[in-house]
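Below is one structure; the comments refer to it alone.
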There are 2 protein chains.
Amino acid sequence: MSGEDNLLKLVEVEEPEDQDYLLQEQVGFILRKAHQRHVSIFAAHIGDLTPPQFAALAKLRDVGETSQNQLGTLIAMDAATVKGVIDRLKARGLVELSKHEVDKRRLLVNLTAEGRDAIERLIPLAREITRETLAPLSAKEIATFMKLLAKLA
Amino acid sequence: MSGEDNLLKLVEVEEPEDQDYLLQEQVGFILRKAHQRHVSIFAAHIGDLTPPQFAALAKLRDVGETSQNQLGTLIAMDAATVKGVIDRLKARGLVELSKHEVDKRRLLVNLTAEGRDAIERLIPLAREITRETLAPLSAKEIATFMKLLAKLA
DNA sequence: TTGATATCATTTGCATACGAATGAATTTCC
DNA sequence: GGAAATTCATTCGTATGCAAATGATATCAA
């Protein structure tokens, strides 16, 4: 009996985690859930725009007219994804497209007047979304969390 | 000149953040990027299975046979999403479906022998994925981060 | 018991997300 | 100058992810 125990212990020392793998403790899984929660909070405050669409408008407000590809880089979207997002924003009249004079490959994107109005109107809501997402944490915890999260992203 | 400065300061005190809204500092945006990075690390280690598919297998390993809906609850997927995931795992022979004897609404899901082999084989890789995702942080930072992230999820 | 509710699963529609392939235009470099 | 490599954008295919509607079954309550 004690012989079996010792054998088990030896095995455990070599592979202490072989038996239990707890999905709900893995970063990836919790990261996915935290992201889901944020998207849900976002949707509750801004129903007619998705987070990626909002990101595109907010970044265009920052940098002004840019190429579609460059915008994608700035908001961490690959070319295929950003195209869909911009197409839908264009269909709603929030951005307008034009051809680059010099480099004919580039498709320039810019806010329309309506798009600018929309993003200015939505930013206060976005601040509230950030607040609500972080509400489970204290001010000090928020500072710590944001610092560490930034390291992972 | 100093009059203008004072006016600006007064405005700033009332609405200190009105002018600048930095997308790249918002939780939601960084959360999305951190999640993207994790998925990318996952794909580099486990190319033939997605994180949701892996989650389904890992949870079935934990709890054994369950209904599709219940599995969805356990891995934070809604009914429509979990159906697609299970369909694809079934098509690959990693899970098998059966009808609940008593409650005819329920669709039971379980690992096949092949599915069990697969998940056992993949778990060590998953541990490495977790390690690599958290690699930018020290051991102490990891503990702090996981505690705070769990509060947000 | 039966009528109202609730639960389980499916389907549809829309929106990311990304790999891979393609074509057009530009830049690099010999 | 011109071939090779690079960049920009598009398209296709596959896989989440979720809201809403629907149908089948089960449970609750009058």
Side-chain angles (χ1 to χ4, degrees), chain A residues 28-29 31-44 46-57 65-92 94 97-109, chain B residues 28-29 31-44 46-57 65-92 94 97-109:
Chain A
F29 183 72
L31 220 39
R32 176 170 148 272
K33 286 213 298 176
H35 182 247
Q36 278 179 1
R37 173 171 167 272
H38 167 74
V39 172
S40 167
I41 292 172
F42 189 102
I46 301 180
D48 64 341
L49 223 55
T50 65
Q53 289 167 1
F54 175 86
L57 296 182
E65 189 174 59
T66 13
S67 74
Q68 198 174 260
N69 244 26
Q70 175 62 13
L71 180 61
T73 300
L74 294 172
I75 59 180
M77 270 178 232
D78 78 357
T81 301
V82 82
K83 184 188 187 325
V85 173
I86 294 302
D87 279 354
R88 285 180 282 277
L89 291 175
K90 173 174 154 52
R92 293 174 54 175
L94 299 177
L97 305 179
S98 57
K99 290 175 185 171
H100 192 287
E101 294 292 319
V102 179
D103 189 338
K104 294 182 184 174
R105 294 170 305 177
R106 297 190 200 175
L107 185 63
L108 296 175
V109 190
Chain B
F29 183 71
L31 220 39
R32 175 169 149 272
K33 286 213 298 176
H35 182 247
Q36 278 178 1
R37 174 170 166 272
H38 166 74
V39 172
S40 167
I41 292 171
F42 188 102
I46 301 180
D48 65 341
L49 222 56
T50 64
Q53 288 166 2
F54 175 87
L57 295 183
E65 188 173 60
T66 14
S67 73
Q68 198 175 259
N69 244 24
Q70 175 61 14
L71 180 61
T73 299
L74 294 172
I75 59 180
M77 269 177 232
D78 78 357
T81 301
V82 82
K83 182 186 189 328
V85 172
I86 294 302
D87 279 354
R88 285 179 284 277
L89 291 175
K90 173 175 154 56
R92 294 175 53 176
L94 300 177
L97 305 179
S98 57
K99 291 174 185 171
H100 193 286
E101 293 292 318
V102 180
D103 188 340
K104 294 181 183 173
R105 295 170 305 178
R106 297 190 201 175
L107 185 64
L108 296 175
V109 189

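In the text below, chain A, chain B and the rest are named by the order of the sequence lines, each starting its count at 1.
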How many whole angstroms separate atom [atom1] of [X] from atom [atom2] of [N]?
{"X": "A/L89", "N": "C/dT16", "atom1": "CG", "atom2": "C1'", "result": "13 Å"}
{"X": "B/D103", "N": "C/dA9", "atom1": "CG", "atom2": "P", "result": "8 Å"}
{"X": "A/I86", "N": "C/dA15", "atom1": "CD1", "atom2": "P", "result": "14 Å"}
{"X": "B/D78", "N": "D/dA21", "atom1": "CG", "atom2": "P", "result": "15 Å"}
{"X": "B/K33", "N": "C/dA17", "atom1": "NZ", "atom2": "P", "result": "13 Å"}
{"X": "A/I75", "N": "C/dT16", "atom1": "CD1", "atom2": "C1'", "result": "12 Å"}
{"X": "A/M77", "N": "C/dA17", "atom1": "CE", "atom2": "P", "result": "6 Å"}
{"X": "B/D87", "N": "D/dG17", "atom1": "CG", "atom2": "P", "result": "15 Å"}

Below 4.0 Å: OP1/OP2 of [N] and any side-chain N or O of [X]:
{"X": "B/R106", "N": "D/dA24", "result": "no"}
{"X": "A/Q53", "N": "C/dT16", "result": "yes"}
{"X": "B/Q68", "N": "C/dT10", "result": "yes"}
{"X": "B/T50", "N": "D/dA15", "result": "no"}

Base C/dT26 to side chain A/R105, donor-acceptor N/O within 3.5 Å cut-off:
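There is none.
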
Could you check which of [options] has an atom nearest any side-chain atom of [X]?
{"X": "A/R32", "options": "D/dG17, C/dT11, D/dC8", "result": "D/dG17"}
{"X": "A/K104", "options": "C/dT16, C/dT26, D/dA9", "result": "C/dT26"}
{"X": "B/V85", "options": "D/dT16, C/dA9, D/dT10", "result": "D/dT16"}

Whether A/D87 and A/K90 form a salt bridge (side-chain N of Lys/Arg under 4.0 Å from carboxylate O of Asp/Glu) is what I want to check.
no

Rounded to the nearest 0.5 Å, how far does CG of A/L71 lie from CD of A/E65?
11.5 Å

Enter the distance from A/R88:CZ to A/L94:CG here, rounded to the nearest 0.5 Å.
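The CG atom of A/L94 is 13.0 Å from CZ of A/R88, to the nearest 0.5 Å.
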
Would you say A/L107 and A/K83 make side-chain contact, with heavy atoms under 4.5 Å?
no

Could you check B/L108, B/L89, B/I86 and say which one makes a side chain to side chain contact (heavy atoms under 4.5 Å, CB included) with B/L97?
B/I86

For A/P52 and B/S40, find the nucleotide of DNA chain C closest to each by heavy atoms; which residue's nucleotide sits nearer the 5' end?
A/P52

